[in-house]
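Everything below concerns the one structure shown next.
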Number of protein chains: 2
Amino acid sequence: MNRPAFRNWQTVQEEVLRRIHAREWKPGDLIPNEADLAEEFGCARATVNRALRTVAESGLLDRRRKAGTRVALQPVAKATIDISLIRQEIEARGQKYGYQLISRSLQEPPAQVSGALQVPMTTRMLHLSALHLANDAPYAVEDRWINTATVPTAVNEGFETISGNEWLLANAPYTHGEIAFSAAAATKEEARLLGCPLQAAVFVIDRLTWDHAASVTKVRLIFAPGHQLRTAL
Amino acid sequence: MNRPAFRNWQTVQEEVLRRIHAREWKPGDLIPNEADLAEEFGCARATVNRALRTVAESGLLDRRRKAGTRVALQPVAKATIDISLIRQEIEARGQKYGYQLISRSLQEPPAQVSGALQVPMTTRMLHLSALHLANDAPYAVEDRWINTATVPTAVNEGFETISGNEWLLANAPYTHGEIAFSAAAATKEEARLLGCPLQAAVFVIDRLTWDHAASVTKVRLIFAPGHQLRTAL
DNA sequence: AATGATTTTATGTATGTACATAATAACCCT
DNA sequence: AGGGTTATTATGTACATACATAAAATCATT
């Protein structure tokens, strides 16, 4: 009986994953080197490399030059979360999206905000408060500060019909940022907008984006009670 | 003046990102094909391919055969969250990790659990309740159900000194799973264990893992108030 | 035994060529 | 003009080869 042909990197990857899951290669084990595997699988080393590299990216293998490739002892699960526009998120579920601007003003931000955006405390910034609705029900409150020094054109936009999220995506590029997930008790204002009890447990996403060294925006999304963020593992 | 040399895929990637951020290639734009870019950059097409593929994986480019590569109109930010062991999470912050088993019993799970794990309602499962501590302060409550049909050896483990998380990682492989983040109000028991007020807003992670078609475990992690899950964007 | 230089080795990547594949564009026939 | 077939094209990937690089292992020197 001839050995089966593992001629493309996906097939090789599947076989590697099978061996790991079947514990033929146990956690901590050093697996054969690429050249040997290539010979065994009847393919080029580049193909094995692509497969192993992909598996390593998922956290199941640890690779080091000269030391070789070993099965991760404590595979760190990597959950990738797609952060799309709230509008898309709602429409993807077949619901009707609604947007409502609550307030828009140029004002001095609280110290916490000016600090996070690394902007002088006396600099006025654009502050937006808005409500996102799904099938006419409150879905999330958006509380946003925009650095008008970085995005001066923002002051010319009313944000009555387009959310800060959407406008910025189209008009203000960013190079990097950070995002934080947490739980909080709904404030009076949040409870009023979301139509939920005061102090209700709400899911919160805080995001801060930068264009190189210049801060762009800081946004806090407060979701109606019961909201879940889910993803495959 | 000679053109600068973009001789490796990382450099090519940086240049591609630069052009996107500088809006030389605007959202929606079709960018030159790989062969042309390879010529421009003075490298092989495979190098350009690797660079573009990597950028596309981050969501900034959309690639389609024959249609070509274009800058994503609405770049979906992809946040990758590393889900490591709670012990590692705490130790990585230089804090002392503590673990305390609250209860361990074989019992019939509530319908919600047996349903999620796709196990008959009358099947008894291993139920664990435990507390994770950071510097002796409550950090998170772990509420776990283990499918003993899939992981029979779990009934021989006392879990007095090792958390379900850690034991399963070493003893029960999984092929896939799902994870959900949400906010909840602390129950009486959770509030007692975490030392927080009843109904306090707590951050919750629910995880469900499978080994092929067989469910392995369902775990709910309830974090002490104030907990944040943060990652780069 | 400790230190430093050197060799070895497994992964990492660049290249040119070849072919596969998907999706669009062009064409042809009625 | 419509509908179906064929050609074209950009990405996707396999392969053999070559060299780069990091890190472990070995050897040489003190």
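Any value given below was found using the heavy atoms of this structure, including those in side chains, with hydrogens, waters and symmetry copies removed.
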Each nucleotide N or O in nucleotides 16-19 of chain D that has a protein N or O under 3.5 Å away: list the pair and distance.
none

Item to complete: Would you tell me if any nitrogen or oxygen in the side chain of A/Thr47 comes within less than 4.0 Å of OP1 or OP2 on D/dC15?
Response: yes

Practice prompt. Return the set of residues passing side chain to side chain contact (heavy atoms under 4.5 Å, CB included) with B/Thr161 (not counting sequence neighbours), or none when no residue passes.
Written response: none

Practice prompt. Can you tell me the distance, in whole Å, between the CH2 atom of B/Trp9 and the P atom of C/dG12?
Written response: 11 Å

Discussion item. From CD of B/Glu34 over to P of C/dG16, roughly how many Å is that when rounded to an integer?
Written reply: 14 Å

Practice prompt. Considering only NZ, NE, NH1 and NH2 on the basic side and carboxylate oxygens on the acidic side, decide whether A/Glu14 and A/Arg18 come within less than 4.0 Å.
Written response: no

Response to the item:
To the nearest angstrom, the CZ-P distance between B/Arg50 and C/dA14 comes to 7 Å

Discussion item. Consider side chain to side chain donor-acceptor pair (under 3.5 Å). Of B/Arg87, B/His132, B/Glu91, which one does B/Tyr97 pass it with?
Written reply: B/His132

Item to complete: Please report, rounded to the nearest Å, how far the C1' atom of C/dA14 is from the CZ atom of B/Phe41.
Response: 16 Å

Practice prompt. Give the rounded distance in Å between these two atoms: CG of B/Asn49 and P of C/dG16.
Written response: 15 Å

Item to complete: Send over the distance from A/Leu30 CG to D/dA23 C1', rounded to a whole Å.
Response: 14 Å

Item to complete: Tell me whether the OP1 or OP2 atom of D/dG12 has a side-chain N or O from A/Gln10 closer than 4.0 Å.
Response: no

Discussion item. Against B/Thr69, only a single residue in B/Arg64, B/Glu34, B/Arg53, B/Arg63 fulfils side chain to side chain donor-acceptor pair (under 3.5 Å); can you say which?
Written reply: B/Arg63

Worksheet item: What is the distance from CZ of A/Phe6 to P of D/dC15, rounded to the nearest Å?
Response: 13 Å

Worksheet item: Would you say a side-chain N or O of B/Arg53 is under 4.0 Å from OP1 or OP2 of D/dG12?
Response: no

Practice prompt. Give a yes or no on whether a salt bridge exists between A/Glu142 and A/Lys218, defined as a side-chain N under 4.0 angstrom from a carboxylate O.
Written response: no

Practice prompt. Determine whether the aromatic ring centres of A/His21 and B/Tyr174 lie less than 6.0 Å apart.
Written response: no

Practice prompt. Measure the distance from CZ on A/Arg7 to C1' on C/dA18 and round it to the nearest whole Å.
Written response: 14 Å

Practice prompt. Can you label the angle between the B/Phe203 ring and the B/Phe181 ring as parallel, tilted or perpendicular, going by 30° and 60°?
Written response: parallel

Practice prompt. Could you tell me whether A/Glu57 and A/Arg50 make a salt bridge, using a distance below 4.0 angstrom between a side-chain N and a carboxylate O?
Written response: no

Discussion item. With the threshold set at under 4.0 Å for non-hydrogen atoms, list the residues of residues 56-69 of chain B touching DNA chain D in residue-number order.
Written reply: B/Arg63, B/Arg64, B/Arg65, B/Lys66, B/Gly68, B/Thr69

Item to complete: Would you mind checking if B/Glu178 and B/Arg207 are paired as a salt bridge, meaning a charged N to carboxylate O distance below 4.0 Å?
Response: no

